[in-house]
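See structure below.
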Amino acid sequence: MDRTEIVGHLRTALSAVLNRPLDELAPELSLFDDLALDSTSVIELLMSLEDTVGLEIDPDELGPEVFRTVGTLTDYVEAGFRAGTQAGLGGKAAV
């Protein structure tokens with residue numbers, strides 16, 4: 001999965017969690033300040049990403065830096081896919 005596809009999945013998941021359409025997601029957008037995510041919506045977002053892109057996320061491995069911006073979250077998901085591919089998980093990402 002390439003970065004453009006990841007951003008598309010993030011936009012879909014964020015739109016569902018925030019109950020509003022999101023046209024564009026600039027990498028520098030703050031998830032908390034600009035998009036108004038809170039701790040509950042972060043959990044919903046992670047569950048949605050697990051379902052839609054096949055991520056297997058270990059919440060104990062997540063730090064606050066992952067959720068700083070759209071770009072940092074995209075980086076995290078992209079790194080998970082690279083690690084999953086290298087580990088032979090067939091596209092499933094364990095992050």
Side-chain angles (χ1 to χ4, degrees):
M1 179 173 296
D2 68 21
R3 194 167 183 86
T4 303
E5 290 175 301
I6 293 169
V7 171
H9 285 292
L10 284 176
R11 182 175 35 255
T12 300
L14 282 165
S15 293
V17 167
L18 297 171
N19 293 316
R20 62 183 166 106
L22 296 172
D23 296 326
E24 292 296 319
L25 283 182
E28 66 276 359
L29 276 178
S30 168
L31 294 173
F32 291 99
D33 296 332
D34 296 327
L35 296 177
L37 285 183
D38 59 22
S39 58
T40 302
S41 54
V42 165
I43 293 168
E44 290 177 43
L45 176 62
L46 291 174
M47 291 186 331
S48 177
L49 288 173
E50 284 183 327
D51 290 342
T52 60
V53 297
L55 285 176
E56 295 176 18
I57 299 170
D58 181 357
D60 294 331
E61 298 293 321
L62 293 175
E65 67 280 355
V66 170
F67 300 102
R68 190 172 44 243
T69 65
V70 169
T72 59
L73 183 55
T74 303
D75 292 342
Y76 174 79
V77 173
E78 188 175 37
F81 273 100
R82 277 196 309 268
T85 302
Q86 291 172 357
L89 296 174
K92 284 257 186 195
V95 289

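Shown here for Leu25 and Leu10, the closest heavy-atom pair between the two residues is CD1-C, 4.1 Å. Taking each heavy atom of Leu29 and Glu24 in turn, the nearest pair found is CD1-O, 4.3 Å. For the pair Phe67 and Leu62, the tightest heavy-atom approach, listed with the atom from each and the gap, is CZ-CD1, 3.9 Å. Nearest heavy-atom pair, Ala13 versus Leu49, reported as atom, atom and distance to 0.1 Å: CB-CD2, 4.2 Å. For His9 against Val53, the heavy-atom pair with the smallest separation is CG-CG1, 3.2 Å.
Counting heavy atoms from C-beta outward, Leu37 and Val17 have side chains that approach closer than 4.5 Å. Annotation: side chain of Asp34 is not in contact with side chain of Val70 (no heavy-atom distance under 4.5 Å).
Note: Thr69 OG1 to Glu28 CD = 8.0 Å, rounded to the nearest 0.5 Å. A distance of 8.5 Å separates CE in Met47 from CD in Glu50, rounded to the nearest 0.5 Å. Rounded to the nearest 0.5 Å, atoms CZ (Arg68) and CG (Asp33) are 12.0 Å apart.
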Next on the checklist: As a quick check of understanding, evaluate side-chain contact (heavy atoms from CB on, under 4.5 Å) for Thr12 and Thr52, giving each step before the final call.
Outcome noted: CA-CA 9 Å; Thr12 300; Thr52 60; 5.9 Å; no
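Here Arg3 pairs with Asp75 in a salt bridge; the nearest charged N to carboxylate O distance falls below 4.0 Å.
For the 3.5 Å distance criterion, the side chains of Ser41 and Asp38 qualify, holding a donor opposite an acceptor.
For Ser48 (side chain) and Glu44 (main-chain N/O), no donor-acceptor pair under 3.5 Å exists by modelled atom type. Remark: the backbone N or O of Val7 is not paired with any side-chain donor or acceptor of Thr74 at under 3.5 angstrom.
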